Number of protein chains: 4
Amino acid sequence: MTKLITKKRLSREQSQAQTRECLIQAARQLFVQHGFGGASIRDIAEEAGYSQGAFYSNFPDKEAILLELLRRHMEAEVMQLSSVFATDVLTGDEVLAELDAWALTLHADGDWAMLSIELQLHANRSPAFAAEYGAIWRVHRNALSRFIERLFEHLALVPPAEPGQLAAGFIALAQGLGLQRASIHPDPTGSMIMLFLRGLIASAQVMAK
Amino acid sequence: MTKLITKKRLSREQSQAQTRECLIQAARQLFVQHGFGGASIRDIAEEAGYSQGAFYSNFPDKEAILLELLRRHMEAEVMQLSSVFATDVLTGDEVLAELDAWALTLHADGDWAMLSIELQLHANRSPAFAAEYGAIWRVHRNALSRFIERLFEHLALVPPAEPGQLAAGFIALAQGLGLQRASIHPDPTGSMIMLFLRGLIASAQVMAK
Amino acid sequence: MTKLITKKRLSREQSQAQTRECLIQAARQLFVQHGFGGASIRDIAEEAGYSQGAFYSNFPDKEAILLELLRRHMEAEVMQLSSVFATDVLTGDEVLAELDAWALTLHADGDWAMLSIELQLHANRSPAFAAEYGAIWRVHRNALSRFIERLFEHLALVPPAEPGQLAAGFIALAQGLGLQRASIHPDPTGSMIMLFLRGLIASAQVMAK
Amino acid sequence: MTKLITKKRLSREQSQAQTRECLIQAARQLFVQHGFGGASIRDIAEEAGYSQGAFYSNFPDKEAILLELLRRHMEAEVMQLSSVFATDVLTGDEVLAELDAWALTLHADGDWAMLSIELQLHANRSPAFAAEYGAIWRVHRNALSRFIERLFEHLALVPPAEPGQLAAGFIALAQGLGLQRASIHPDPTGSMIMLFLRGLIASAQVMAK
DNA sequence: TATGAATGAGTATTCATTCAT
DNA sequence: AATGAATGAATACTCATTCAT
């Protein structure tokens, strides 16, 4: 997102918020395209239509803008999942339908897949970043985990493994497919995830009364 | 692996092979630790105990050593898979046991997961590299794909999707789990993969006679 | 020219202009002394009293500073020639006197000869540079060419060859003499040029009415 | 010139002489194409079909092969000029015809023009090289100088300047035109030189009896 | 707040040269 | 005499970061 040239006078705060926003969107785009290491602050600032100095007026360093992106994604993700939880009474088929929709969502936001991998990789290397990242990741996994739990309850089946582990597995699958999608071939991320999920359901045992 | 200071005289060829080997192992280690972009040739050469020039006497550029690592891993992988194919008469259960062993292998080589992701990411960004990488990747997937095909034949089941796609799915899962393992928690990649595989088997239809 | 340490506060623009100027003069000196290939950016920056980064804040690459030097010389050259054209009514002898003065000017700027050769050599090897260089060179030759044309008109003589070719010949002579001057012996470039010019005049035919 | 693969056994000396010759021709070609600084020893050795070590078995360093090229050119040049002097009785017109032929020779050996400039430039920068180069250059100029002297004697004219200076002027002109020829336009070096020479003749005074 | 010139440490890569074979 | 792996210093160029304006 490039700097908007507007005639309306913005208050100081509004104007700063706009600068921040432009920088964040530019960073997002460039991290996705070239990775965290491959995107330079100069390029981010330029893409946003500002100077390098503007970057440092808004963020202490390069890592900070990556964390901001993570924070934003988490917010979106949480909202999405909680909207699924909103309607509490669902049949097993309805839940699967919801999941289908969620899987397609993953597919749609192709950018996020790459960004998510950048985040993960950076966490693997920067302990400071790992702490913040880990916390957010756990929230994400727990949400997915509770979802899976509920799904099996609805179906009156015993999950074939601890729900937390299944959740981690699905996140891994989504990340791995995202990694491939960019280069290998246009692949059906969504349907792949559903395929594995249906497999898990098929192999689950009926719950003991 | 640092340069070995040996008193034994090595022949020319042996000495060169040693240098090459040291550089490759140093590169492997540093690529895993800091990523392709994060590992400098200076560091690789230093870690190996040689000068930067020694690197360029052995490899045309930085990408070349990454490809060499890929080539080596593939050789190992292919040997491993073909050893499973060696004994032709296996019951369904025997094949699953073999697979269990194979899945544990994946887990053992923890480094490879990270390296594999570096490879994939670099391919996503360097078209020249992507060409070479893609070729090797396809070989890998096809080997796995034929394996899956055989497995379902043995079990007299119809695979729930095209074997090539299932293969890609398992590779994605392994990569994604590897990505998590380094930072999140020590998790049982192998058993996760078996879990999904058993699910697929459970959801497959019996083959029509 | 080394960085001037001044106590006076300079405005932003003035300070940048000073940096640029120091770099240009340092580059000029080192290109003359060691050639384009032999002068490193590190040396240029150091000679100017700045960091290498300062160079790249002011010029996109090494070629750019060479072009800047060319541009500057051309401006000076064009101003000089146009001042000769200024007074329109000149007798043949007066024109020759003007030329004598101009030829001595060539001699004065001893450095330029070497720089001019560096420029030409670099153009012979870098097609990108050749394009820019060629354009400026043609302007130079055309100015000289028109001058020669006018001179022969004044003298009512037919030039013994196309003025453009004669201009190229004089430039070649000046460059060749410059090349020798640095090492062989201190020789009077100016008078040599006049000698050849008077020869051409002597061998020219009287213009038909 | 690439290594010749011959079945005939060469004596040790012959074989070394062949290696030397190949290296010299390869160096000649690459110095012309890329300049002295731009041609690497690795490239020269490779072009000749040998290893870098072979270069150092035959020449102490890079400058040595440049000097060897100079020495060879001098031999050729001296032979050429002395063949012109061979026939002692020539009319003025015959001498001009000879000169025409000589001028065309200059044109033909386009390579030498560039090499000559490389030589001159390197002499301007390396005092050690300059000493050797200067000696050879003076021989060349003196030969040309005596030639010009004789020409004017034949024509019974007083040369318009010291013959040594005229000789230097013609060499400069030839070098300058050579410099331009590579990049600017296909130009008539030979005829340009004759044009200037005829001019000098036209402007010369008849010799006092 | 935002600018962007300047810094200094870093990058991949090249090269003349050495030396054990 | 010829090889070519290895060296060490140099090269053009990039980048996150600082700071006077």
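The structure presented is a predicted model; accordingly, all values stated were derived computationally and were not measured. Every chain is numbered from 1 and lettered A, B, ... according to where its sequence line falls, protein lines coming before strand lines.
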Could you write out DNA chain F as a dot-bracket string, with dots for unpaired bases, | for bases paired across to another strand, and Watson-Crick or G-U pairs counted at under 3.5 Å?
.||||||||||||||||||||
Is the distance from OP1 or OP2 of [N] to the nearest side-chain N or O of [X] less than 4.0 Å?
| X | N | result |
| --- | --- | --- |
| C:Tyr56 | F:dC13 | yes |
| C:Ser57 | E:dA5 | no |
| B:Asn58 | F:dA6 | yes |
| B:Gln16 | F:dA5 | yes |
| B:Thr19 | F:dA6 | yes |

Check: B:Ser126 side chain, B:His122 main-chain N or O, donor-acceptor pair, under 3.5 Å
no
Whole-Å distance between [N] [atom2] and [X] [atom1]?
| X | N | atom1 | atom2 | answer |
| --- | --- | --- | --- | --- |
| B:Lys62 | E:dT14 | NZ | P | 15 Å |
| C:Asp43 | F:dA10 | CG | C1' | 10 Å |
| A:Ile44 | F:dA16 | CD1 | P | 8 Å |
| B:Gln14 | E:dT21 | CD | P | 12 Å |
| D:His122 | E:dA16 | NE2 | P | 12 Å |
| A:Ile65 | F:dT17 | CD1 | P | 12 Å |
| D:Phe55 | E:dC15 | CZ | C1' | 13 Å |
| B:Tyr50 | F:dA9 | OH | P | 19 Å |

Donor-acceptor pair between C:Gln25 and C:Glu21 side chains, under 3.5 angstrom:
yes
On DNA chain E, does the nearest nucleotide to B:Gln52 precede the nearest nucleotide to D:Gly53 from the 5' side, or the other way round? Give the residue.
B:Gln52
Sorted by position of nearest nucleotide on DNA chain E, 5' first, the leading residue of C:Ala54 and B:Ile41 is C:Ala54
Describe the nucleic acid contact of [X] in one word from base, sugar-phosphate, nothing, applying a heavy-atom distance below 4.0 Å.
| X | result |
| --- | --- |
| A:Ser40 | sugar-phosphate |
| A:Ala45 | nothing |
| C:Ala17 | nothing |

Quick one: CG on C:Leu69 to OG on C:Ser116, what's the gap to the nearest 0.5 Å?
12.0 Å
Where at least one partner belongs to residues 119-132 of chain C, residue pairs that pass salt bridge (Lys or Arg N to Asp or Glu O under 4.0 Å), sequence neighbours excluded:
C:Arg125-D:Glu118
Sorted by first residue and then second, give each salt bridge (Lys or Arg N to Asp or Glu O under 4.0 Å) pair with at least one member in residues 58-68 of chain A; sequence neighbours left out.
A:Arg20-A:Glu68, A:Glu68-A:Arg71, A:Glu68-A:Arg72
A side-chain contact here means heavy atoms from C-beta on lying under 4.5 Å apart; do A:Leu119 and A:Ile136 qualify?
no
Could you tell me if the side chain of B:Leu23 sits less than 4.5 Å from the side chain of B:Thr19, heavy atoms only?
yes
Side-chain contact check for D:Ser51: nearest option of E:dT17, F:dT17, F:dG4 is F:dG4
Nearest to the side chain of D:Arg42, heavy atoms from C-beta on, is which of E:dT3, E:dC15, E:dT7?
E:dC15
Closest nucleotide of DNA chain F for A:Gly37 versus for C:Phe36: which of these residues is on the 5' side?
C:Phe36
Worked verdict on B:Ile44 versus B:Phe31 for side-chain contact (heavy atoms from CB on, under 4.5 Å)
CA-CA 9 Å; B:Ile44 292 170; B:Phe31 285 161; 4.0 Å; yes
